[in-house]
Amino acid sequence: MIPGTILMEGPNEVDPGIMGDDLQHMDADGANRRIRARFLIGADGKTGYTRKKYLEPKGIKLQQASQQVCFATAYEETWVAVNWKITPPTPESHPSFPLWKLDYSPTQVFDLFFPSDFRFLCNPERPSVCGRFGLPEDKLWRFEFVVKRNEDGTEMSGPEKLREVVHPYITHPGERYGLPKDIEFPNDCIETLRSRPFAFSARSCNKWALGRVVLCGDSAHVFPPFGGQGIASGFRDASALAWRFAVCCRPGFTNYTDILSGWYSERKQQFENGSFMTESNPVKMYFRDWYLWFLQLIPSQIHKLEMGARRYGMISYDYAPGMTFLPAYGGGLCFP
Ligand SMILES: Cc1cc2nc3c(=O)[nH]c(=O)nc-3n(C[C@H](O)[C@H](O)[C@H](O)COP(=O)(O)OP(=O)(O)OC[C@H]3O[C@@H](n4cnc5c(N)ncnc54)[C@H](O)[C@@H]3O)c2cc1C
């Protein structure tokens, strides 16, 4: 936290009179308090209390990607997000589980069916992601899949549909182990902690700051959360904001409107909405898959694939008013 900042942990209600120096808020216990602050940062997530209660009436809107220059394409889909807690089977609990005959241990079985790396399942029928999360000893696993236009998100979150969609991924062909029958991970070793639909969209506010009120993280923009875009963007917002606030909070500094608009112009240039991984156009998929297949044959290209956008070096920006460089004097160029 920047020295001198106050973290108002929720739920808080902020009085709309926040344009003055005094900020009135009701804390979680219902007590009314006044705080004197130069700036208010609404880092209150997608539901965006600060944005809705205060900034939306003043013209700040969370707009769809298609209305924003910062996104390459629109994205508006429902996904089901499932969290499972896994209790690996043991020879005692599941004596007939076929892998015991091949000397697999319960831990090895868990690792086989729920690998530790995060996976993007570029299945054109149903793009999905899955991977472990939380503490290793808790053995938590998440699976998220897209709900098609003709399907109902709530129905798709139910046990019957989960079986249809998720279980093929935890059923291994028997031939992989030299066994005659396919092997399904035992259903009674899976506890569903949460299964519900979420709207994943690419949206961004037209402005992320108005006066001395600033929106940061999901309250300013939401992405389909592929490639860590959700949380990483929030961290980038905060780190790009921190030094600017150090300037804005200097005694007598008044030009915060420019500095804050420069901040969100810069941040909006870093968005990418993950469309590469959720492509369903068969022609584009065909080229994507073959392109990636060829690249992974060339060792130097594998490294580049792993680097992702980092292989292009530091991010360079197109100048916009309020940005902290002078393009006329070569500012904004990266050294090779
Ligand atoms: C199902 C799902 C899967 C996701 N998977 C990924 C992923 O794999 N990778 C990724 O990078 N991102 C993922 N995301 C997105 C990621 O969760 C968000 O981008 C990220 O949490 C945004 O951080 P934030 O701090 O802006 O908002 P949040 O994490 O939403 O935090 C906002 C905080 O503000 C608090 N708050 C709200 N109102 C008030 C109030 N009035 N007063 C005080 N406090 C308040 C809330 O309680 C909350 O603690 C996923 C999201 C969902 C829904």
Side-chain angles (χ1 to χ4, degrees), residues 1 5-16 18 23-33 35 37 40-56 62 65 75-84 117-121 127-134 140-147 153-154 156-157 162 166 192-205 208-209 213-242 264 267 270-274 277-278 308-309:
M1 285 231 303
T5 50
I6 304 163
L7 180 64
M8 289 158 54
E9 287 179 282
N12 284 278
E13 284 188 29
V14 180
D15 186 283
I18 49 182
L23 184 153
Q24 183 166 348
H25 84 102
M26 187 194 290
D27 69 16
D29 304 325
N32 275 315
R33 296 181 197 284
I35 295 175
L40 171 70
I41 307 173
D44 45 5
K46 191 177 167 181
T47 47
Y49 179 90
T50 311
R51 185 189 69 240
K52 282 188 186 147
K53 286 278 181 185
Y54 181 64
L55 294 180
E56 284 188 2
L62 191 61
Y75 193 90
E76 204 73 36
E77 302 282 357
T78 301
W79 283 59
V80 167
V82 184
N83 287 350
W84 278 352
D117 47 348
F118 200 80
R119 298 193 170 194
F120 290 90
L121 309 168
S128 311
V129 294
C130 62
R132 294 184 193 175
F133 70 100
L140 302 174
W141 197 67
R142 53 189 273 205
F143 193 101
E144 286 157 29
F145 62 86
V146 76
V147 175
T154 309
M156 293 307 292
S157 317
L162 289 192
V166 190
T192 303
L193 303 178
R194 178 196 73 186
S195 177
R196 54 161 282 208
F198 285 90
F200 284 172
S201 57
R203 288 167 190 246
S204 166
C205 285
W208 298 7
V213 183
V214 180
L215 301 175
C216 184
D218 272 22
S219 67
H221 50 74
V222 285
F223 307 100
F226 316 118
Q229 292 256 5
I231 201 73
S233 301
F235 281 124
R236 284 175 170 173
D237 290 353
S239 69
L241 198 53
Y264 63 76
R267 291 292 306 115
Q270 288 190 8
F271 291 172
E272 201 279 317
N273 71 8
M277 286 167 270
T278 54

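One-based numbering, in listed order, for ligands and for the atoms of each. The structure displayed is predicted, hence computed values, not measured ones. Throughout, numbering of the chain's residues begins at 1 and tracks the sequence.
At a 4.0 Å heavy-atom cut-off, ligand 1 touches A43 through the backbone alone. Using a 4.0 Å cut-off between heavy atoms, H221 makes no contact with ligand 1 at all.
Distances from atom 12 (N) of ligand 1 to the heavy atoms of D237, N83, I231, V129 put I231 nearest. Among F200, F133, F235, Y49, the residue whose heavy atom lies closest to atom 2 (C) of ligand 1 is F200.
At a 3.5 angstrom cut-off on N or O pairs, F118 does not count as close to ligand 1. Note: an N/O pair closer than 3.5 Å links R142 and ligand 1 by distance alone. Distances between N or O atoms of D218 and those of ligand 1 include at least one value under 3.5 Å.
Taking the side-chain hydrogen bond (donor to acceptor under 3.5 Å, both in side chains) definition, one finds that D44 meets it with T50, sequence neighbours left out. By the side-chain hydrogen bond (donor to acceptor under 3.5 Å, both in side chains) test, R119 is found to be paired with D117, residues two or more places apart in sequence or in another chain being considered.
Shown in contact with G230 at under 4.0 Å from a heavy atom are these atoms of ligand 1, numbered in order with element: 10 (C), 11 (O), 12 (N), 19 (O). Short contacts between ligand 1 and E144, defined as distances under 4.0 Å to a heavy atom of the residue, involve ligand atoms 3 (C). Applying the 4.0 Å criterion to heavy atoms of G217 picks out, from ligand 1, the atoms 26 (O). Less than 4.0 angstrom separates some heavy atom of A81 from each of these atoms of ligand 1: 1 (C).
R203 is listed as a side-chain neighbour of E76, based on a closest heavy-atom distance under 4.5 Å. Side-chain contact check for R51 versus L62: some heavy-atom pair is nearer than 4.5 Å. Annotation: side chain of V146 is not in contact with side chain of S128 (no heavy-atom distance under 4.5 Å). Using a 4.5 Å cut-off on side-chain heavy atoms (C-beta onward), L55 and W208 make no contact.
Here the straight-line distance linking atom CZ of F145 with atom CE of M156 works out to 4.5 Å at 0.5 Å rounding.
For F200 and W79, the ring centers sit closer than 6.0 Å to each other.
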